[in-house]
A.B. asks: 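Structure incoming, see below.
This one's a predicted model, so the numbers in the text were calculated from it and none came from an experiment. Both counts, for ligands and for their atoms, begin at 1 and track the order of listing.
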Amino acid sequence: MISKKVEKAINEQIKKEEYSSRLYLAMASWCHRNGYPGAAAFLYTHADEERMHQLKFVHFLNDRGGYSVLQDIEQPPFKYDTLHKMFQEVLKHEQYITASINDLYHLCTTEKDYTTANFLQWFITEQVEEENLVNGILDQMALVGNDKSGLFHIDKELGAKAAPA
Ligand code: OFO
């Protein structure tokens, strides 16, 4: 059985994962309409991955005798100046999620909930991968700056990185 404190914190995390999915879906939509089909494909699949993260938490909490309760979700931003600025927001968001997972892990250890702490290991590893991936994309964007052909190639590469739907 899961403690009320951990249950509440997981429900907060479920909300954050749901928001992540909506944020990346909104970004994908912006890319789709602004000439970046590769980035759009990448972010559409990323939105699906976040939904999968949300589901992982929902199932885990219910399986452990807690209750996953969905909450209100605010509207994500839908206007961006440049693709580069948009990906800077992706990094900021992933760093926020990493901090949130770390806080959750800390709570589990103070509550002596080692089962949930163990479950969170997957997310801790996942966050390292996600931050790395976005940092790599930002490095490439910094290299090409406003060069249109450079951006065209980055967009193509992002499309290739998008997992098949
Ligand atoms: Fe992007 O990893 Fe979940 O939120």
A.B. asks: Kindly identify the option in Lys56, Glu129, Glu50, Glu126 whose heavy atom sits closest to atom 1 (Fe) of ligand 1.
C.D. replies: Glu50
A.B. asks: With atom 1 (Fe) of ligand 1 as the reference point, give the N/O/S atom of Glu130 that is nearest.
C.D. replies: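 Atom name returned: OE1.
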A.B. asks: Restricting to N, O or S atoms, which atom of His53 is closest to atom 3 (Fe) of ligand 1?
C.D. replies: ND1
A.B. asks: Of the backbone and side-chain N, O or S atoms of Glu94, does one lie nearer to atom 1 (Fe) of ligand 1 than 2.8 Å?
C.D. replies: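 Glu94 does place an N, O or S atom closer than 2.8 Å to atom 1 (Fe) of ligand 1.
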A.B. asks: Using a 4.0 Å cut-off to any heavy atom of Ile97, which atoms of ligand 1 qualify?
C.D. replies: 4 (O)
A.B. asks: Of Glu50, Arg51, Lys56, which is the lone residue that meets side chain to side chain donor-acceptor pair (under 3.5 Å) with His53?
C.D. replies: Glu50
A.B. asks: Less than 3.5 Å apart, any donor N or O on the side chain of Glu131 or Gln127 sitting next to an acceptor on the other?
C.D. replies: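 No, because no side-chain N or O of Glu131 sits under 3.5 Å from a partner of the opposite role on Gln127.
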A.B. asks: Could you list which atoms of ligand 1 come closer than 4.0 Å to a heavy atom of Ser20?
C.D. replies: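 Here the atoms of ligand 1 in question are 4 (O).
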A.B. asks: Determine yes or no for a side-chain-to-main-chain donor-acceptor pair under 3.5 angstrom, with Thr109 supplying the side chain and His106 the backbone.
C.D. replies: yes
A.B. asks: Please work out whether any backbone atom (N, CA, C, O) or any side-chain heavy atom from C-beta onward of Gln127 is under 4.0 Å from ligand 1, and answer side chain, backbone, both or neither.
C.D. replies: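 Just the side chain.
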A.B. asks: Keeping Glu7 on the side-chain end and Tyr67 on the backbone end, is there a donor-acceptor pair under 3.5 Å?
C.D. replies: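 Side chain of Glu7 to backbone of Tyr67: a pair is present.
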A.B. asks: Would one find an N or O of Glu17, backbone or side chain, under 3.5 Å from an N or O of ligand 1?
C.D. replies: yes
A.B. asks: Give the C-alpha distance, both sets of side-chain angles, the deciding distance and a yes or no for ring-ring contact (aromatic ring centres under 6.0 Å, His included) between Phe57 and Phe123.
C.D. replies: CA-CA 10 Å; Phe57 277 111; Phe123 287 92; 4.2 Å; yes
A.B. asks: Could you verify whether a donor N or O on one side chain and an acceptor N or O on the other, from Gln13 and Ser100, lie under 3.5 Å apart?
C.D. replies: yes
